[in-house]
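Computed over heavy atoms, backbone and side chain alike; hydrogens, waters and symmetry mates excluded. These numbers were taken from a predicted model, which means no experiment stands behind them.
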Amino acid sequence: MNKFTPEQIEERKKIIFDTMGKRGQKQILKKGYDKWDPFQEPKDPIDIRKDKTKRTSQELIREFLSRIDHDEYSNTFAQGAFEMCLGIINDEEKIKGMFEFARFYESLLKKEGHDSL
């Protein structure tokens with residue numbers, strides 16, 4: 001919008017505002033018409049989160065599930081694995097607890113001579 005004079009910008013802003021619905025106008029007026037910039041650049045998308053190995057959740061879950069025969073797991077199994085994957089990447093306390101318990105339980109089963117799940 002640098003190619004326009006302040007008067008032209010204000011004129012275009014008013015045209016945009018006047019063509020909006022009442023509900024949209026009300027929201028703009030609530031925040032302040034002077035602060036509203038209909039010409040602002042769009043925000044950058046959220047960075048794609050990666051884990052410590054620099055993999056995305058999609059890469060991790062695809063790699064994990066590809067190691068298991070498709071006939072040996074259900075959609076529920078895959079959903080659970082994906083929830084764990086997202087929780088680990090997002091550093092969620094609940095998932096950390098579940099992960100640590102799973103490690104503890106696997107160790108306990110081995111120690112007592114049982115097969116793992």
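Thr56 pairs by the side-chain contact (heavy atoms from CB on, under 4.5 Å) definition with Ile48, Lys50, Gln58, Glu59, not counting sequence neighbours. Residues passing the side-chain contact (heavy atoms from CB on, under 4.5 Å) test with Ile89, sequence neighbours excluded: Arg49, Asp51, Ser57, Leu60, Cys85. Residues passing the side-chain contact (heavy atoms from CB on, under 4.5 Å) test with Ala81 are Ile61, Phe64, sequence neighbours excluded. Remark: Glu100 pairs with Arg103 by the salt bridge (Lys or Arg N to Asp or Glu O under 4.0 Å) rule, at least two apart or across chains.
Summarising the geometry, atom CD belonging to Glu106 is positioned 8.5 Å from atom CG belonging to Leu117; distances are rounded to the nearest 0.5 Å.
Within the structure, the side-chain hydrogen bond (donor to acceptor under 3.5 Å, both in side chains) test picks out the following pairs touching residues 65-82 (sequence neighbours left out): Glu63-Arg67, His70-Tyr73. Residue pairs meeting the salt bridge (Lys or Arg N to Asp or Glu O under 4.0 Å) criterion with at least one partner in residues 78-99, sequence neighbours excluded, are Asp91-Lys96, Glu93-Lys96. Within the structure, the salt bridge (Lys or Arg N to Asp or Glu O under 4.0 Å) test picks out no pair touching residues 108-117 (sequence neighbours left out). Screening residues 16-35 for side-chain hydrogen bond (donor to acceptor under 3.5 Å, both in side chains), with sequence neighbours left out, gives Glu10-Tyr33, Lys14-Asp18.
The cluster map of Ile, Leu, Val, Met, Phe, Trp and Tyr, joined by side-chain heavy atoms under 4.5 Å apart, puts Ile28 and Ile9 in the same cluster. Phe4 and Ile16 fall within a single hydrophobic cluster, where Ile, Leu, Val, Met, Phe, Trp and Tyr are joined by side-chain heavy atoms under 4.5 Å apart, directly or via other members. Hydrophobic clustering (ILVMFWY, side-chain heavy atoms < 4.5 Å, transitive): Ile95 and Phe101 are in distinct clusters. In this structure, Leu65 is a member of the same hydrophobic cluster as Phe82, with clusters built from ILVMFWY side-chain heavy atoms closer than 4.5 Å. Transitive grouping of hydrophobic side chains (ILVMFWY, heavy atoms separated by less than 4.5 Å) brings Phe77 and Leu86 into a common cluster.
Residues Leu29 and Trp36 have side chains not in contact (no heavy-atom distance under 4.5 Å, counting atoms from C-beta outward).
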